[in-house]
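Worksheet: one structure, shown below.
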Amino acid sequence: AQSVAQPEDQVNVAEGNPLTVKCTYSVSGNPYLFWYVQYPNRGLQFLLKYITGDNLVKGSYGFEAEFNKSQTSFHLKKPSALVSDSALYFCAVRDSWSSASKIIFGSGTRLSIRP
Amino acid sequence: NAGVTQTPKFQVLKTGQSMTLQCAQDMNHNSMYWYRQDPGMGLRLIYYSASEGTTDKGEVPNGYNVSRLNKREFSLRLESAAPSQTSVYFCASSEALAGGWNSPLHFGNGTRLTVT
């Protein structure tokens, strides 16, 4: 069965500093990995997805994610944080082996950017 | 484009009452999903439908039923609501079968349900 973990409930970063939001996963087959963002009282918006063969993928709003197969991780990164990046971030995984339509989310990480 | 539309936006139920949450998408997607969001728990998958005519249990299906009425619509029913079902419910859709397994989910704006 697939699973995904976000080990940090909250990440605090000063504006202008780099940020990392961590995600690790477990799947039986090839992983299909995604990051989503949720702003207050809103639905979830797609940020980026893993592309097979690309260890660094770029997404919306200047975010990127680093895929590491040996560590089964897909960490979200941004070189320079903005206050407007403050939101709830979710990592999600789809397993190509078992029940490929099933998509599981992590528990979420609240990102807080201070001015 | 409306995308994914959920109704109602808010609902208050008494314990034991029943209700159906409606979801419709206009993107011709094959797969549809129901999640619930609770503080500290992230999003948990209740049920999903890989394609019209099929439904499967997710992580937390107990107390819920679903109907994939047609390709556009996927409803979630609470037969006898309990306070533990107080949550925000999100419907989502994806074109995974046609667009590949890395096709993202498109979410509705959610239904905030309170069971007293």
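In what follows, chains are A, B, ... by sequence order, proteins preceding strands, each numbered from 1. Computed from heavy atoms alone, side chains included, the values below leave out hydrogens, waters and symmetry copies.
For Y50(A), the part lying under 4.5 angstrom from a heavy atom of chain B is the backbone only. In this structure, the portion of L45(B) lying under 4.5 Å from any heavy atom of chain A is its side chain and not its backbone. For Q38(A), the part lying under 4.5 angstrom from a heavy atom of chain B is the side chain only. For chain B, no part of L48(A) is nearby; none of its heavy atoms comes within less than 4.5 Å. Contact of Q6(B) with chain A is not made at all, since no heavy-atom distance falls under 4.5 Å.
At most 12 non-hydrogen atoms from other residues, nucleotides or ligands lie less than 6.0 angstrom from CZ of R110(A). K22(A) NZ: 12 or fewer foreign heavy atoms inside a 6.0 Å radius.
In this structure, Y33(B) and S101(A) approach most closely via the heavy-atom pair OH-O, 2.6 Å. Closest approach of P104(B) and F46(A) over heavy atoms only: CB-CD1, 3.4 Å. Between L43(B) and F105(A) the shortest heavy-atom distance is O-CB, 3.6 Å. Nearest approach of F90(A) to G42(B), heavy atoms of both residues: CE2-CA, 3.6 Å.
The hydrophobic cluster containing L82(A) does not contain L88(A), counting ILVMFWY residues as joined when their side-chain heavy atoms lie under 4.5 angstrom apart, directly or transitively. Following chains of ILVMFWY side-chain contacts shorter than 4.5 Å, one cannot reach V93(A) starting from M41(B), and the two form parts of different hydrophobic clusters. Residue L44(A) is grouped with residue F74(A) when hydrophobic side chains (ILVMFWY) are merged at heavy-atom distances under 4.5 angstrom, including chains of intermediate members. Note on Y48(B): it does not cluster hydrophobically with L69(B), by side-chain heavy-atom contacts below 4.5 Å among ILVMFWY residues. Placement of Y61(A) and Y89(A) within a single hydrophobic cluster is found when ILVMFWY residues are connected by side-chain heavy-atom separations under 4.5 Å, directly or transitively.
Contact annotation: the side chain of S103(B) never approaches that of Y32(A) to less than 4.5 Å [non-hydrogen atoms, C-beta and beyond]. Using a 4.5 Å heavy-atom cutoff, the side chains of Y35(B) and I103(A) are in contact.
Note that the CZ atom of R94(A) and the OG atom of S94(B) stand 4.5 Å from one another [nearest 0.5 Å].
For residues 105-116 of chain B, a heavy-atom distance under 4.5 Å to chain A picks out L105(B), F107(B), G108(B), N109(B), R112(B), given by residue number.
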